[in-house]
Amino acid sequence: METIKRGVIAIAALCLLVSYPQELKAKKFTSAEFLTWPHESQSSYFRTSIGMAGMIAAQAGQGRATCMSDWYFGDPEGRQEEMRRAMRQHKGFHPQAVILAVLQKACGPIGGS
């Protein structure tokens with residue numbers, strides 16, 4: 001029993017150590033930093049972010065996933081530039097927060113009414 005207890009404590013400590021640096025990095029990552037990335041890297045980030053938001057929206061229903069897909073893939077380059085403009089205006093925010101705000105402005109709240 002004591003061995004299991006020590007193992008659980010060791011795993012919990014390891015989880016804390018592993019997750020702590022990631023949390024700090026996430027707090028420091030801003031749209032200003034994102035905008036220094038090459039355009040192809042930004043494009044990949046946008047596609048991934050839109051895809052993940054669409055998956056979440058699909059679970060919530062209400063047609064928001066379809067709206068997001070139509071909105072983004074109808075003019076990907078234009079939509080990326082729209083998100084870059086928003087990031088230039090809100091440089092201190094995490095890029096995911098800006099992307100989510102732009103998506104919600106276009107299609108409404110992702111998880112609700």
Side-chain angles (χ1 to χ4, degrees):
M1 183 68 168
E2 189 64 31
T3 304
I4 294 173
K5 186 177 179 181
R6 278 187 271 160
V8 169
I9 291 171
I11 291 171
L14 180 61
C15 288
L16 282 173
L17 288 173
V18 170
S19 64
Y20 188 71
Q22 293 171 352
E23 181 179 337
L24 287 177
K25 177 61 179 170
K27 288 181 182 177
K28 292 181 182 179
F29 184 48
T30 64
S31 291
E33 181 181 340
F34 174 84
L35 291 169
T36 67
W37 290 8
H39 271 268
E40 185 50 45
S41 296
Q42 291 177 12
S43 294
S44 177
Y45 191 91
F46 287 134
R47 284 188 302 272
T48 302
S49 297
I50 301 297
M52 293 306 294
M55 291 174 70
I56 294 166
Q59 296 299 311
Q62 301 174 354
R64 299 238 176 22
T66 301
C67 176
M68 289 177 194
S69 179
D70 292 347
W71 174 82
Y72 180 75
F73 292 106
D75 181 15
E77 290 181 22
R79 299 310 183 195
Q80 287 180 22
E81 188 50 42
E82 185 176 340
M83 289 183 278
R84 285 185 187 100
R85 271 194 308 275
M87 288 182 185
R88 285 191 289 272
Q89 292 174 341
H90 304 284
K91 291 181 179 180
F93 288 86
H94 194 286
Q96 290 286 341
V98 177
I99 292 168
L100 180 60
V102 172
L103 278 172
Q104 289 187 348
K105 182 179 178 186
C107 296
I110 288 177
S113 49

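The first residue in the sequence is number 1, and the count goes up from there.
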Exercise for the section: Output yes when a side-chain donor or acceptor of Ser44 lies under 3.5 Å from a complementary backbone atom of Ser41, and no otherwise. Expected result: no

Exercise for the section: Check whether any side-chain heavy atom of Gln59 lies under 4.5 Å from a side-chain heavy atom of Ile56, and answer yes or no. Expected result: no

Problem - Ion pair Glu82/Arg79, N-O distance below 4.0 Å - result: yes

Problem - Test item: Phe34 and Val98 side chains (from C-beta on) under 4.5 Å apart, heavy atoms - result: no

Exercise for the section: Determine, using the 4.5 Å side-chain heavy-atom cutoff (strictly less than), whether Trp37 and Phe93 are members of one ILVMFWY cluster. Expected result: yes

Fill in the blank from the handout: Nearest heavy-atom approach of Lys28 to Glu33 is O-OE1, 4.1 Å

Problem - Nearest non-hydrogen partners of Ala58 and Ala65, listed with the distance - result: N-CB, 3.7 Å

Exercise for the section: Would you kindly confirm whether Met52 and Leu100 end up in one hydrophobic cluster when ILVMFWY residues are joined by side chain heavy atoms under 4.5 Å apart? Expected result: no

Practice task
For the residue pair Gln89 and Arg85, establish whether any side-chain heavy-atom pair is separated by less than 4.5 Å.
Solution key: no

Only distances under 3.5 Å count here; give the side-chain donor-acceptor pairs of residues 67-77 to other protein atoms, sequence neighbours excluded, each with its distance to 0.1 Å.
residue : atom : partner : partner atom : Å
Tyr72   : OH   : Gln80   : NE2          : 2.7
Asp75   : OD1  : Gly78   : N            : 3.1

Problem - Flag side-chain contact, heavy atom, 4.5 Å: Pro109 against Arg64 - result: yes

Practice task
Determine whether Met83 and Ile50 make a side-chain contact, defined as any pair of heavy atoms from C-beta on separated by less than 4.5 Å.
Solution key: yes

Practice task
Flag the pair Arg84 / Leu35 as yes when at least one side-chain heavy-atom distance between them is below 4.5 Å, and no otherwise.
Solution key: yes

